[in-house]
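Inspection log for the structure reproduced underneath, given as structure tokens.
Protein chains get the first letters and strands the later ones, always in sequence-line order, with residue 1 at the start of each. Reckoned from all heavy atoms, side chains included, excluding hydrogens, waters and symmetry mates.
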Amino acid sequence: MTDPEKEMESYLSRFRRKVPPPGFKEQLLGRVEERRKLEQAITPPRWKIAVACLALIVIFLGANFFINRTEERYLSAFLDINQATESGIVEEALPSFLADVPELADLEKSPQIFKRRIREKAEPRKQKIEEYLNLLNMKEEYNGS
Amino acid sequence: MKLDELYDRYGEKLYHYLTVKLASAEDAEDILQEVFLRLARYSIRWKFIKNEEPYVFRVARNEANRFLKRKHQNQINPENAPALARVINDSLVTDCPDPSDKESLSLALARLPEEQREVIVLRFFEELTLKEIAAVCGLSLNTVASRYRYGLSKLKSLLEAKDD
């Protein structure tokens with residue numbers, strides 16, 4: 001440290017900051033405390049906000065699932081389409097299929113062959129439903145709903 | 001830490017620092033209130049803070065800068081040096097028999113560039129080390145040391161010029 005710096009430091013050490021007026025501390029802390037109380041009254045605790053958000057998310061997911069299921073059922077009923085389960089399709093289509101191909105009745109009764117043939121028949125129906133649902137989704141997105 | 005305890009440790013220093021930085025005792029009081037409110041909100045962080053004093057000063061500095069930004073006044077205008085000098089003069093006491101000494105110092109401090117004045121005020125009146133000042137201002141120790149040296153030298157020349 002150079003001499004002029006030391007000289008300045010000793011000069012500056014003769015000055016001190018002034019103490020705030022009496023009652024300043026109490027006044028300041030009183031106002032801070034008031035504002036804190038007001039803030040706490042206005043702002044709910046964070047855990048309450050987190051629980052509320054979580055509850056809203058659960059409600060939204062539940063509602064979404066319920067709406068989708070109901071919509072699917074409604075559409076199936078509306079379009080007169082049964083749920084395309086494999087066993088259902090086999091039971092439904094077996095008599096007509098056997099009537100179409102009587103010569104294969106004995107030879108090709110294997111369930112695998114039936115299932116494959118019938119799945120091929122049912123595929124366009126499934127696609128039709130999917131396309132309709134996709135179209136519905138596109139429409140909803142386009143409308144912004 | 002309780003606010004009461006916090007005030008006893010740093011309240012007066014912060015008030016003086018803010019008074020000089022904002023060039024107004026009234027604004028300093030308002031901002032000090034904001035600072036304590038912020039410190040009360042951050043109370044959960046206290047156990048993670050190693051150096052309390054620089055942290056508290058940094059909170060105050062940020063709050064003051066936000067206030068100045070709101071007022072579109074990032075630095076004290078050099079033309080307002082006499083007004084700032086009056087505020088500094090009111091915020092200091094001295095043992096010197098001659099009251100003009102304090103006035104001269106206040107005017108010289110007011111004429112210093114803001115960044116040099118801040119370092120000198122923090123070093124002499126708020127009794128922070130250069131390392132702590134570096135933490136408060138978010139600067140390197142070398143930068144703070146050079147601002148301190150240049151500040152002292154400029155202050156000396158301003159005081160001498162006044163004497164002449």
Side-chain angles (χ1 to χ4, degrees), chain A residues 1-67 141 144-145, chain B residues 2-8 11-17 19-20 25 28-30 32-41 43-44 88-98 101-102 104-106 108-109 120-121 123-127 145 148-157 159-160:
Chain A
M1 194 175 285
T2 57
D3 280 343
E5 275 177 32
K6 272 188 181 168
E7 193 186 315
M8 274 310 292
E9 283 181 353
S10 80
Y11 173 75
L12 285 168
S13 65
R14 288 152 57 192
F15 300 91
R16 299 182 311 279
R17 62 172 181 274
K18 199 191 266 180
V19 177
F24 179 81
K25 176 187 169 183
E26 289 72 24
Q27 198 186 345
L28 180 95
L29 294 183
R31 273 187 287 169
V32 171
E33 205 53 49
E34 262 174 39
R35 283 189 59 187
R36 264 183 91 188
K37 276 180 190 164
L38 192 71
E39 252 183 18
Q40 280 168 352
I42 293 168
T43 320
R46 282 181 190 173
W47 69 267
K48 278 189 183 172
I49 297 170
V51 167
C53 287
L54 208 65
L56 281 174
I57 289 168
V58 168
I59 289 169
F60 174 77
L61 290 176
N64 194 33
F65 173 75
F66 179 75
I67 289 167
E141 276 174 27
S145 60
Chain B
K2 285 182 180 173
L3 285 184
D4 198 54
E5 211 177 310
L6 207 61
Y7 181 90
D8 289 340
E12 288 179 9
K13 288 181 177 186
L14 286 174
Y15 179 59
H16 182 260
Y17 166 65
T19 302
V20 176
E29 202 176 325
D30 290 344
L32 189 61
Q33 194 180 316
E34 294 295 326
V35 170
F36 272 90
L37 198 64
R38 207 167 269 272
L39 291 173
R41 281 192 212 126
S43 57
I44 203 160
I88 296 175
N89 189 43
D90 289 344
S91 74
L92 293 177
V93 284
T94 179
D95 303 327
C96 302
D98 186 2
D101 272 7
K102 196 173 74 158
S104 310
L105 174 69
S106 303
L109 276 172
I120 287 174
V121 167
R123 177 76 192 94
F124 284 101
F125 305 117
E126 324 319 345
E127 296 145 20
Y148 175 69
R149 272 200 311 275
Y150 283 119
L152 281 184
S153 133
K154 185 150 190 183
L155 196 64
K156 191 171 188 295
S157 61
L159 286 167
E160 282 168 356

- prompt: Taking the side chain from A:K18 and the backbone from B:D90, do they hold a donor-acceptor pair closer than 3.5 Å?
  reply: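 Indeed, once roles are kept as given, a pair shorter than 3.5 Å links the two residues.
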task: May I ask you to decide if B:L92's main-chain N or O and A:R17's side chain share a donor-acceptor pair within less than 3.5 Å?
output: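 Pair absent, no side-chain N/O of A:R17 close to backbone of B:L92.
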message: Quick check: do B:L32 and A:F24 have side-chain heavy atoms less than 4.5 Å from each other?
response: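 Yes, close enough: below the 4.5 Å cut-off.
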field: Heavy-atom side-chain proximity of B:E12 to A:K25 below 4.5 angstrom
entry: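 With C-beta onward as the side chain, the pair stays apart.
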- request: Give, for atom NZ of B:K2 and atom CG of A:L29, the distance between the pair rounded to the nearest 0.5 Å.
  value: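 Going from NZ on B:K2 over to CG on A:L29, the span is 12.5 Å.
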query: Roughly how far, to the nearest 0.5 Å, is CG of B:L109 from CG of A:L12?
result: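 Going from the CG atom of A:L12 to the CG atom of B:L109 covers 7.0 Å.
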message: Can you tell me which of B:V121, B:D8, B:I120 forms the most heavy-atom pairs within a distance under 4.5 Å of chain A?
response: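 Max contact count across the listed options: B:D8.
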query: Who wins among B:L155, B:D4, B:V93, B:D101 for the most heavy-atom pairs under 4.5 Å with chain A?
result: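 Between B:L155, B:D4, B:V93, B:D101, the count favours B:V93.
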- prompt: Can we say B:R123 and A:E9 salt-bridge, meaning some charged N sits less than 4.0 Å from an Asp/Glu carboxylate O?
  reply: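 Judged by the 4.0 Å cut-off on N to carboxylate O distance, B:R123 and A:E9 do not form a salt bridge.
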field: Ionic contact status for B:E127 with A:R16, cut-off 4.0 Å
entry: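 Salt bridge between A:R16 and B:E127, a charged N being under 4.0 Å from a carboxylate O: no.
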- request: Kindly indicate, with the supporting measurements, whether the criterion side-chain contact (heavy atoms from CB on, under 4.5 Å) is fulfilled by B:F124 and A:F15.
  value: CA-CA 9 Å; B:F124 284 101; A:F15 300 91; over 6 Å; no
message: Let's go through B:E29 and A:R31 carefully: what are the C-alpha distance in whole Å and the side-chain angles of both, what is the deciding distance for side-chain contact (heavy atoms from CB on, under 4.5 Å) to 0.1 Å, and is it a yes or a no?
response: CA-CA 11 Å; B:E29 202 176 325; A:R31 273 187 287 169; 2.7 Å; yes
query: So what's closer than 4.5 Å to chain A heavy atoms on B:F36: side chain, backbone, both or neither?
result: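 Both backbone and side chain.
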message: Please classify the contact of B:Y15 with chain A as side chain, backbone, both or neither, using a heavy-atom distance under 4.5 Å.
response: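 Only the side chain of B:Y15 comes within 4.5 Å of chain A.
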message: Restricting to non-hydrogen atoms, name the atom on A:R14 and the atom on B:T94 that form the minimum distance, rounded to 0.1 Å.
response: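 Minimum heavy-atom separation between A:R14 and B:T94: O-OG1, 3.1 Å.
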Least distance between heavy atoms, A:V32 atom then B:L37 atom: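 Distance-wise, the nearest heavy atoms are O-CD1, 3.7 Å.
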- prompt: Crowded around A:Y11 OH? As in, over 12 foreign heavy atoms under 6.0 Å?
  reply: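 Enclosed.
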query: So what's closer than 4.5 Å to chain B heavy atoms on A:E33: side chain, backbone, both or neither?
result: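 For A:E33, the contact with chain B is made by the side chain alone.
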task: For side-chain contact (heavy atoms from CB on, under 4.5 Å), just list the numbers for B:R41 and A:E39, CA-CA rounded to whole Å, side-chain angles, deciding distance to a tenth of an Å, and then say yes or no.
output: CA-CA 10 Å; B:R41 281 192 212 126; A:E39 252 183 18; 2.5 Å; yes
